[in-house]
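The structure appears right after this line, and notes come after that.
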Amino acid sequence: MDTHGVSLAPPGADAAAILGSATSSAAEYHPAVSRGRTDVRQRRRVLQGLGGLAAAALPSAPLGAAAPPAGSPDAANAAGGLQAGPPEVASDITARLASYIAAARGRPLPPETARHTTDRILDTLGAMVSGARLKPGEMAIRFVRQQGGTPEAAVCASGLRTSAINAALANGMFAHADETDDFEPVTKAHPGCAVVPAALAVAERDDRSGADALRAVAAGYDVCCRFLLALGNDAVRGAHRSAEGMSATMGAAAAAAALAHLDERQVRYALSYAAQQVSGIWSWERDAEHVEKAFDFAGMGARNGVTAALMAQAGFTGVAEVFDGEHNVLEALSPKPRPSEMVAGLGTRFFVSETAIKVFSVGYPIQAPLNSLLELRRTYGLTAANVERVVVRLPADGARIVDNRSMPDVNCQYVMAVTLVDGALTFESSHSYERMQDPQVRAVQARVQLVADPALMDPAAPRSGRVEVTLRDGRTVSHFTRHAPGTRENPLEAKAVEDKTRSLIAPVLGAARADEIIARVRGLEALPRVRSLMELLA
């Protein structure tokens, strides 16, 4: 297994120059704003003072949110991130971010980062093609077909062409139709399933090159993950919001803006239109069929991001500093934002290299314990017949997501049971509602206990898992997976990524087509037109 470290080499001196020179004020784009600015500010101060006096006269009231459990990430956030004190002050965030996105298409990636980006594009394409044949994908195809639209971009594995906005929506829902797409362990974002469909839709619409698409995808991952770091992902969830859906819109907008060849001013507007569309609540956990979840995590964000970029491309104007100043997006969505996280390490730290590629098509909290169970099975010959009891220990925040859920691919107890019965986990068994009702599987599942273990709440290993198995002969064996295969700490080799992609695409488009798609993505930097890739996928 490839265990080399992640390269964080800078892409070149131009990145620092771009970021250092991005100090334009909003008044540059709105000259009228500067007239009467002093009077406006004075009026604001008077009104704010009156508001403060009125607030002081009112009795204090609770915010309406129950206190989070002790030891949880939300509790840690409440103890730290919500404490009284001056907020972090950072300036020109919008300018620096917009400059970075506008320059992305002309900025070569470090070679290792480019390889990591092609890995994530391949991984997402596998999820898209396979997802087109699952219920969320079928529903998306039906919906988009009813909408019609200018035939600008392909809907994968359907023969359908529609507007770039509709194609991004459908392909995004394909990419998260199940639990096959990538995941960023710290922020819990799912960048690929929104960023890649958005990028491909605009690249096809505007006839961009493979190099353009590659660089735009990397920029999209950067903005997607940084947005949650700047908000505080635990603060987002503590307010009952969906961190995945909120970050998807911003990441997709960044990739789409880069491929729409927006200048710095237009990117500012695109970011503002994206910020106005940021949405998502944590109720997705109650979705029983993964259909709304596919929309919440991916289709919605891809659609929103492409919409924002194309509106700016069409000449829409708006707020030029949505990450700065009064009522900015970070203050609106977080009790104590950290705006500097939006630009920290921009151009040298690439989040596309930090996401985890899933080995198993199940919810990410199940990746580590499933790996542990398979390791124990190989070592001790575990079977459904010789196992008395299985105890799965997960970090508390992950355990609650996968505890006996109605969807098979996010039900930890079911996944462990069907793996013991079959000796392996397949794409089919991880999605089978029928197998969830199999008497043999249900009998084994009754022996699987899931424990939310506070001791595993480790920020350095946020999705670990420990499995303890008691055999019928009285022995107890255990295995701990700190970092599941496919993480930055335990990376996959390129061949393993290609094998996974091939296994997902071949059943739908055929083995020969799968190999051709893989070869074309591996040569993406030299590909003159993304359209030639989309022809293979369509």
Side-chain angles (χ1 to χ4, degrees), residues 123 126-138 174-183 287-291 293-294 356-378 380-387 389-390 392 394 398 401-450 463 465 467 469 479 481 484-486 492 496 499-508 511 514:
D123 188 61
M128 285 165 57
V129 172
S130 63
R133 295 295 182 265
L134 298 175
K135 183 172 183 177
E138 293 172 348
F174 297 174
H176 194 71
D178 70 330
E179 297 294 328
T180 308
D181 55 303
D182 66 351
F183 170 86
D287 178 19
E289 296 188 296
H290 219 291
V291 176
K293 190 169 184 283
I357 294 176
K358 293 179 180 178
V359 174
F360 313 109
S361 55
V362 297
Y364 204 80
I366 309 176
Q367 299 285 318
L370 182 54
N371 179 72
S372 287
L373 180 68
L374 290 170
E375 289 289 343
L376 291 171
R377 181 184 177 276
R378 281 189 286 268
Y380 300 101
L382 304 185
T383 67
N386 65 18
V387 169
R389 184 167 177 254
V390 177
V392 178
L394 293 179
I401 294 172
V402 297
D403 184 14
N404 268 324
R405 292 292 173 185
S406 56
M407 291 178 281
D409 53 353
V410 290
N411 184 319
C412 182
Q413 291 92 330
Y414 164 73
V415 168
M416 304 300 276
V418 79
T419 300
L420 267 179
V421 171
D422 294 351
L425 185 76
T426 65
F427 184 85
E428 290 73 21
S429 63
S430 67
H431 294 86
S432 177
Y433 287 88
E434 291 76 17
R435 292 299 302 281
M436 289 185 81
Q437 304 307 319
D438 182 323
Q440 184 184 12
V441 174
R442 289 177 67 85
V444 176
Q445 187 171 336
R447 300 181 230 153
V448 179
Q449 178 187 3
L450 177 60
R463 283 291 182 257
V467 174
V469 177
H479 187 278
T481 298
L492 299 180
D499 288 346
K500 176 190 172 183
T501 302
R502 186 179 293 106
S503 73
L504 294 171
I505 293 178
V508 180

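In this structure, Lys500 NZ and Ile357 CD1 are separated by 7.0 Å, a value rounded to the nearest 0.5 Å. Remark: Leu394 CG to Asp403 CG distance equals 9.5 Å, nearest 0.5 Å. Rounding to the nearest 0.5 Å gives a distance of 8.0 Å between OG1 of Thr426 and CZ of Arg435. One finds the OG atom of Ser406 at 10.5 Å from the NE2 atom of His290 (value rounded to the nearest 0.5 Å). For the atom pair CG of Leu370 and CZ of Phe360, the computed distance is 4.5 Å after rounding to the nearest 0.5 Å. How far CZ of Arg405 is from SG of Cys412: 12.0 Å, rounded to the nearest 0.5 Å.
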>> Run Lys358 and Glu179 through side chain to side chain contact (heavy atoms under 4.5 Å, CB included) and show every step you take.
In response: CA-CA 8 Å; Lys358 293 179 180 178; Glu179 297 294 328; 3.1 Å; yes
> Could you go step by step and tell me if Thr481 and Asn371 meet the side-chain hydrogen bond (donor to acceptor under 3.5 Å, both in side chains) rule?
Replying inline: CA-CA 7 Å; Thr481 298; Asn371 179 72; 3.0 Å; yes
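Put simply, the side chain of Val387 does not reach to within 4.5 Å of the side chain of Val444, judged on heavy atoms. Side-chain atoms of Lys293 and His176, non-hydrogen and from C-beta on, do get closer than 4.5 Å to each other. Under the 4.5 Å side-chain criterion, counting only non-hydrogen atoms from C-beta, Val362 is in contact with Gln367. Residues Ile401 and Val410 have side chains not in contact (no heavy-atom distance under 4.5 Å, counting atoms from C-beta outward).
In this view, Phe183 and His190, Tyr364 satisfy the ring pair (Phe, Tyr, Trp, His ring centres under 6.0 Å) rule, not counting sequence neighbours. The ring pair (Phe, Tyr, Trp, His ring centres under 6.0 Å) test applied to His431 returns Phe427, not counting sequence neighbours.
Within a 6.0 Å sphere centred on CZ of Arg442, other residues, nucleotides and ligands contribute 12 heavy atoms or fewer.
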Using a 3.5 Å cut-off and no angle test, enumerate the donor-acceptor pairs between side-chain atoms of residues 414-421 and protein atoms at least two apart in sequence or in another chain.
unit_1 : atom_1 : unit_2 : atom_2 : d
Tyr414 : OH     : Ser429 : O      : 2.6
Thr419 : OG1    : Val415 : O      : 2.7

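Summarising the geometry of Val469 relative to Leu373, their closest heavy-atom pair is CG2-CD1, 4.5 Å, with the distance given to 0.1 Å. Ser361 and Asp409 make their closest contact through O-CB, 3.6 Å (heavy atoms, listed as atom of the first residue, atom of the second, distance). What you find for Thr180 and Leu504 is that their closest heavy atoms are CG2-CD1, 3.3 Å. Looking at every heavy atom in both residues, Pro136 comes nearest to Ala177 through CG-O, 3.7 Å. Between Ala175 and Ala127, the shortest heavy-atom contact is O-CB, 3.5 Å. Nearest heavy-atom pair, Gly465 versus Ser372, reported as atom, atom and distance to 0.1 Å: O-OG, 3.7 Å.
Gln445 places no side-chain N or O within donor-acceptor distance of the main-chain N or O of Gln413, the cut-off being under 3.5 Å. Between the side chain of Thr501 and the backbone N or O of Gly126, no donor-acceptor pair lies under 3.5 Å.
For Arg378 and Glu375, the salt-bridge test passes: some basic side-chain N is under 4.0 Å from an acidic carboxylate O.
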